[in-house]
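Note that ligands are numbered from 1 as they come in the structure, with each ligand's atoms numbered from 1 the same way.
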Amino acid sequence: MATSDQGRAGAAPQAGSGRFVCKFGGSSLSQASQFHKVRAIVEADDRRRIIVPSAPGKRDGGDTKITDLLYLCHHSASIGADFTAPFAAIVERFTGIERELGASPAIEERLESFRLELHSGVSADYAASRGEHFCGLLLANWLGAEFVEPAEAILITGKGLVDAGTWPLLGARLADPGKRYVVPGFYGRGADGEVRTFSRGGSDVTGAVAARAAKARLYENWTDVSGLLMADPRIVDAPRPMREVTYAEIRELAYMGASVLHEEAMAPVREAGIPINIRNTNAPEHPGTRIVSRLSAEEVASTKIAGIAGKSTFAMVTVSKNLMNREVGYVYRLLGVFEHRGIPFEHCPSSIDTVSVVLEANWLEGQVEEVLDEIRHSLEPDAVDYVPGIAMIAIVGEEMVHTPGIAAQVFTALAAAGINVRLINQGASELNIIVGVAPEDYAPAVRALYRAFVG
Ligand code: ASP
């Protein structure tokens, strides 16, 4: 996919060609004033034709998301407990928005039928899906758009993933380029014909699914931040937003703890070569971050790295044995110890006579000694070393492979900050350099790296 014809990150969209899917998150639809912002955004560009809403989210810190209230009502109903209070909060929110907007999808009557359904017994997925369903009805009515029922057009597999049968089905449903559509997020129809949701945060997935089915030009994901940041703002003061980042870089950053989109939201658009633009409903003038297959020449020229992410929640088991390299299957057997306990590992750096397994520390909770004993028993190593806490930091960037001196810059920055590197791992893709440091060095290391690469 070429990015050049789509303009650089944030460039004003060119009128006239290809439709955009616009997914609006819960905070973008939390109250009537947010709906007004959404409308202004949708109407500012004629290509914004397919709108995917989440359920209303929190209005402020003390508030509860509609989806959480729905799960609560369902749980109470299922054990025969009273759910008057959370249900009233749902009714109040939806009718309040309806009233303020002057929309008329008869939300109160629909909610009353739903209340009766809750009493007679519905699935948790069905109950949770009503947040997006009612929000979609409101939005479609108010925008004068066509409402698309996801249970009739989005197929979800037994594992909760999108079924390929969705592409022609939803594609046909969204076929008219002259219409504006509203497709509620988060749910569709399961293999048993009943309403089924994606996992939490799944409206991102619906947005991607709609973009692919409609062969959209762009998937705009409107949220409450101006794009993705190059580092964790809890650690680095006011980190720079990314202008452009590739799908591959995003995968690496997300895997190392940077929270981005729903995990399953990337594949449908990535495969179809549709870029994603993360935008801020509260700052629509900000270009946000574009997620693309290949970086534009300008982006390549302007930044060496995409970002820095990490987690301080790892543990490490290191096994040493003289002449390990000559023993066929040694690492296989070591990983087998973790495999048969169902423990996933994250990294496996090795040297000639040692191999380490880095994994999320909580997987070993309550079974460290057992695991180490089994390793001693079945692998007869010279030594087994266990480090209960280690932080892993990934410096991620597609361009690193073409840029000499990145590793030197990483280690110089860490050395200058007096930080001892416990572990180094560079994937063969050369998309990242991962360093392991003591947990107490985690934040200072991220700051030192950010200073060195971004300034
Ligand atoms: N409303 C759903 C949730 O809270 C889905 C979403 O917002 O994406 O998980």
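Look at E244 and R290 and you find no salt bridge, because none of the NZ, NE, NH1 or NH2 atoms lies under 4.0 Å from a carboxylate O. By the 4.0 Å N-to-carboxylate-O rule, D46 lies close enough to R49 to be salt-bridged with it. In summary, E194 and R189 do not engage in a salt bridge, as defined by a charged side-chain N under 4.0 Å from a carboxylate O. A salt bridge is absent between R173 and E149; no separation between the charged side-chain nitrogens and carboxylate oxygens falls under 4.0 Å.
By the 4.0 Å heavy-atom criterion, G185 is excluded from the residues contacting ligand 1. Residue contacts with ligand 1: G131 is excluded, as none of its non-hydrogen atoms falls under 4.0 Å.
The contact set between ligand 1 and K65, taken as ligand atoms under 4.0 Å from a residue heavy atom, comprises 3 (C), 4 (O). Every atom of ligand 1 with a heavy atom of R200 under 4.0 Å away is listed here by number and element: 3 (C), 4 (O), 9 (O).
Nearest protein neighbour of atom 6 (C) of ligand 1, counting heavy atoms only, is S203 OG, 3.4 Å.
The aromatic rings of F114 and F87 sit tilted, their planes meeting at an angle between 30° and 60°.
Considering backbone and side-chain atoms alike, F186 places every N or O at 3.5 Å or more from each N or O of ligand 1. Residue-to-ligand polar distances place S54 within reach of ligand 1: an N/O pair is separated by less than 3.5 Å.
The part of E132 lying near ligand 1 is the side chain, judged by heavy-atom distances below 4.0 Å.
Taking the six-membered ring wherever Trp is involved, the centroid distance between the rings of H119 and F83 falls below 6.0 Å.
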